Amino acid sequence: MSDEVESETEIPEQVQIRRNKRQAILDSGAQAYPVSLPITASIAQLRAEHGHLDAEAATGITVGIAGRVIFSRNTGKLAFATLSAGGGETIQAMVSLGQVGEQSLSEWKALVDLGDQVFVSGEVITSKRGELSVFVDSWSMASKSLRPLPVAHKEMNEESRVRQRYVDLIMRPEAQVMARTRVKTVSALRTSLSNREYLEIETPMLQTQPGGATARPFITHSNAFGIDLYLRIAPELFLKRAVVGGLDRVFEINRNFRNEGADSTHSPEFAMLEFYQAFADYQDMATITRELIQEAAQTVAGSLTVTHFDGSEHDLSGVWPQIDLYESLSHAVNQEVTPETSRVILEELCSSVDIKFAPSWVNGKLVEELFEHYIIPTFTGPTFVMHFPVDTSPLTRDHRSRAGVVEKWDLYVDGFELATGYSELVDPVIQRERLVEQASLGAQGDKEAMPLDEDFLRALEHGMPPSGGVGLGVDRLLMALTGQGIRETVLFPLVKPERDK
RNA sequence: GCACCGCUAGCUCAACUGGCAGAGCAGCUGACUCUUAAUCAGCGGGUUGGGGGUUCAAGUCCCUCGCGGUGCACCA
């Protein structure tokens, strides 16, 4: 009992007052959380149907609507409230003494707070100032809110917005837009791939060994099997197994998990689209990828020029330029850089621009570091970077005519890597050599190197058709379409738990 | 992981060199029948992220823990 009293004293004043109001509603015989309400219209419908009425219009139409009170203006005998629906549409409720009577008006003023969900019934009219309104005949509480909303005209800090996304969605139309844009984007990707005869399949998230990328996995444990399992870092090796089996065009949109640092462009769990097509190469995949992104932009923005939340416009139309990694780097450093360029020269080039590197890094990694330093900042629109070093791309086919590079591209948009595509390596002998090499790196302590997946190699030994493959970050596509950080594109990003509060 | 910065009322933020913890919005009471972040008058609301220390005195200085931000490292 004393616990009860103690916890009561810790409740903020405003929450206690709202609890008291909830109790007052119940004590009056009314409900604070009714199970159903006689709703006849949505706020969005009323906006669409009556949004263009002149001031002081009366429609003669009576509706019942529910919405969240986001502004409240009470005068002596006439109370105004702005009601909000989920999608950001609003309508005004007018509660007058003449229409509802003294008791109902005084209860409205005493019991309705900002943030409450209320139901109002009345005629659709416009006010003297032309505001679309419901002139209330009767009202009731739809759901009493016990917590005050934040100030409407100041930005909540980012942490609060992320931790309490429900409040963010109430307060900020951009949060609603983002959630809806994400749905449209993912739906557009599925439609575009389906139109190209792709099959959406689901591959294991719990894997007995991680593969398909170089990244540290999350580890969990199976009690039934008595072994550790890994949350997948990529679906690649399973999608390729499917292609071996004759599912010629497959894709998966789902979560990957990587046990690494988190920042504005990296989240421990992130949504990824991977797709593979038999008898296609990396150029075919670049074309499809561009079309997927353009079709998504068209669906979301209605245009190939997307407008970011900050108002800036970004043109995604046309055919995007392809630049060659080694050629562009050679040009930038005024000296020929090729896959044969010596270690000494690469290290000198890195040191000259303060790029830190580890002795364990392969030459190709140094080249990629140099490329990121010199070339990526110069991109102005979507750009394909072509032909990466062999030693950093173990799952990729060697270039058909150039030594030391692979048939791989990275697509950069807004300065970050949005997608990567390949002519997949399907020769099981070469694939085995590459994976064994990676596994031996693992034995030397490189935690991101892949263990050998014998079953995947066995699948390849059954003959995988020459294929193109692409990985595309769904969160990053949202970033490209909206200009927001990854934590804004994900509705509920992973955050450390709150404590002592 | 390392470095730096931050954490004060429900929310957004002040508080000089260590010297009585404040404002706006929100809330409460009252006034007001066309408001638009309504207005006017009055009032309440704080374990200054948690713990420890220095000091006559700590929001402020020191130690430590938690959470966040930025940069670096790693990665998509």
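Below, chain A is the first sequence line, B the second, and so on; all start at residue 1. As the structure is a computational prediction, the values presented were derived from the model and not from experiment.
Nucleic acid contact for A/Lys77: base, since at least one base atom lies under 4.0 Å from a heavy atom of the residue. Residue contacts for A/Met94: at a heavy-atom cut-off of 4.0 Å it reaches a base atom on one of the strands shown. Among the atoms of the strands shown, base atoms are found under 4.0 Å from some heavy atom of A/Glu131. Contact annotation for A/Asn157: backbone-only contact, meaning every heavy-atom pair under 4.0 Å involves sugar-phosphate atoms and none involves a base. Counting any heavy atom pair closer than 4.0 Å across all strands shown, A/Gly98 reaches a base atom. Among the protein residues, A/Phe270 comes within range of the nucleic acid bases, having at least one heavy atom under 4.0 Å from a base atom. Backbone-only contact: A/Ser72 has heavy atoms under 4.0 Å from sugar-phosphate atoms and none from a base. A/Glu155 comes within 4.0 angstrom of sugar-phosphate atoms only, judged by non-hydrogen atoms across all strands, and of no base. At a threshold of 4.0 angstrom between heavy atoms, the contacts of A/Ile17 are confined to the sugar-phosphate backbone, with no base atom among them.
Heavy-atom distances to RNA chain B give each of A/Leu78 and A/Pro150 a nearest nucleotide, and the one nearer the 5′ end belongs to A/Pro150. Nearest-nucleotide positions on RNA chain B place A/Asp113 closer to the 5' end than the other of A/Ala81 and A/Asp113.
Atoms CD1 and CZ, from A/Ile170 and A/Arg68 in turn, are 3.5 Å apart once rounded to the nearest 0.5 Å. Atom CG of A/Leu452 and atom CG of A/Leu435 lie 6.0 Å apart (nearest 0.5 Å). To the nearest 0.5 Å, atoms CD1 (A/Ile233) and CG (A/Asn256) are separated by 8.5 Å.
For the C1' atom pair drawn from B/U8 and B/G46, the interatomic distance equals 8 Å after rounding to whole Å. The separation of B/G19 from B/C28, taken at their P atoms, amounts to 36 Å, rounded to a whole angstrom. Atom P of B/C63 sits at a distance of 29 Å from the matching atom of B/G22, rounded to the whole Å. B/C20 and B/G1 are spaced 40 Å apart, taking the P atom of each and rounding to whole Å. Taking the P atoms as reference points, B/C62 lies 10 Å from B/C5, given to the whole Å. Across B/C40 and B/G24, the matching P atoms stand 11 Å from one another, rounded to whole Å. As rounded to the nearest Å, B/C2 and B/C65 have P atoms that lie 10 Å from one another. B/G69 and B/G44 have their C1' atoms separated by 34 Å, with the value rounded to a whole Å.
Using a 30° and 60° split on the angle between ring planes, A/Phe257 and A/Phe218 fall in the perpendicular class, above 60°.
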### Query
Is there a salt bridge (charged side-chain N to carboxylate O under 4.0 Å, His left out) between A/Glu158 and A/Arg163 once you walk through the steps?
CA-CA 9 Å; A/Glu158 185 191 328; A/Arg163 282 190 190 278; over 6 Å; no
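Atom CD of A/Gln164 is separated from atom P of B/G10 by 13 Å (rounded to the nearest Å). Regarding A/Leu146, its CG atom lies at a distance of 16 Å from the C1' atom of B/A26, rounded to whole Å. A straight line from CD of A/Gln16 to C1' of B/A26 spans 17 Å, rounded to a whole angstrom.
Phosphate contact (OP1/OP2 of B/C65, side-chain N/O of A/Lys496, threshold under 4.0 Å): absent. Distances shown here put every side-chain N or O of A/Arg161 at or beyond 4.0 Å from the OP1 or OP2 atom of B/C11. Distances shorter than 4.0 Å separate none of the side-chain N or O atoms of A/Arg18 from OP1 or OP2 on B/G10. In this structure, A/Lys109 does not reach the B/G30 phosphate: none of its side-chain N or O atoms is under 4.0 Å from OP1 or OP2.
In this structure A/His52 satisfies the ring-ring contact (aromatic ring centres under 6.0 Å, His included) test with no other residue, sequence neighbours excluded.
Side-chain atoms of A/Gln277 and A/Tyr198 include a donor-acceptor pair closer than 3.5 Å.
Two rings, from A/Trp409 and A/Phe384, have their centers less than 6.0 Å apart.
Secondary structure note: stems in RNA chain B built from 3 or more consecutive Watson-Crick or G-U wobble pairs under 3.5 Å occupy B:1-7 with B:66-72, B:10-13 with B:22-25, B:27-31 with B:39-43, B:49-53 with B:61-65.
Nearest to the side chain of A/Arg476, among B/U12, B/C32, B/A76, sits B/A76.
For A/Lys240 and A/Glu236, the salt-bridge test passes: some basic side-chain N is under 4.0 Å from an acidic carboxylate O. Salt bridge A/Glu417/A/Arg476: absent, no basic N to carboxylate O contact under 4.0 Å. One finds no salt bridge joining A/Arg255 and A/Glu274 here, because no Lys/Arg side-chain nitrogen approaches an Asp/Glu carboxylate oxygen to under 4.0 Å.
You won't find any donor-acceptor pair under 3.5 Å spanning the side chain of A/Glu13 and the base of B/G10, going by distance alone. Put simply, the side chain of A/Gln14 and the base of B/G10 share a donor and an acceptor less than 3.5 Å apart.
Interface residues of residues 120-128 of chain A facing RNA chain B, ordered by number: A/Ser127, A/Lys128; criterion, heavy-atom separation under 4.0 Å.
Geometric assessment of A/Lys408 against the ring of A/Phe388 yields a positive cation-pi assignment under the 6.0 Å and 45° thresholds.
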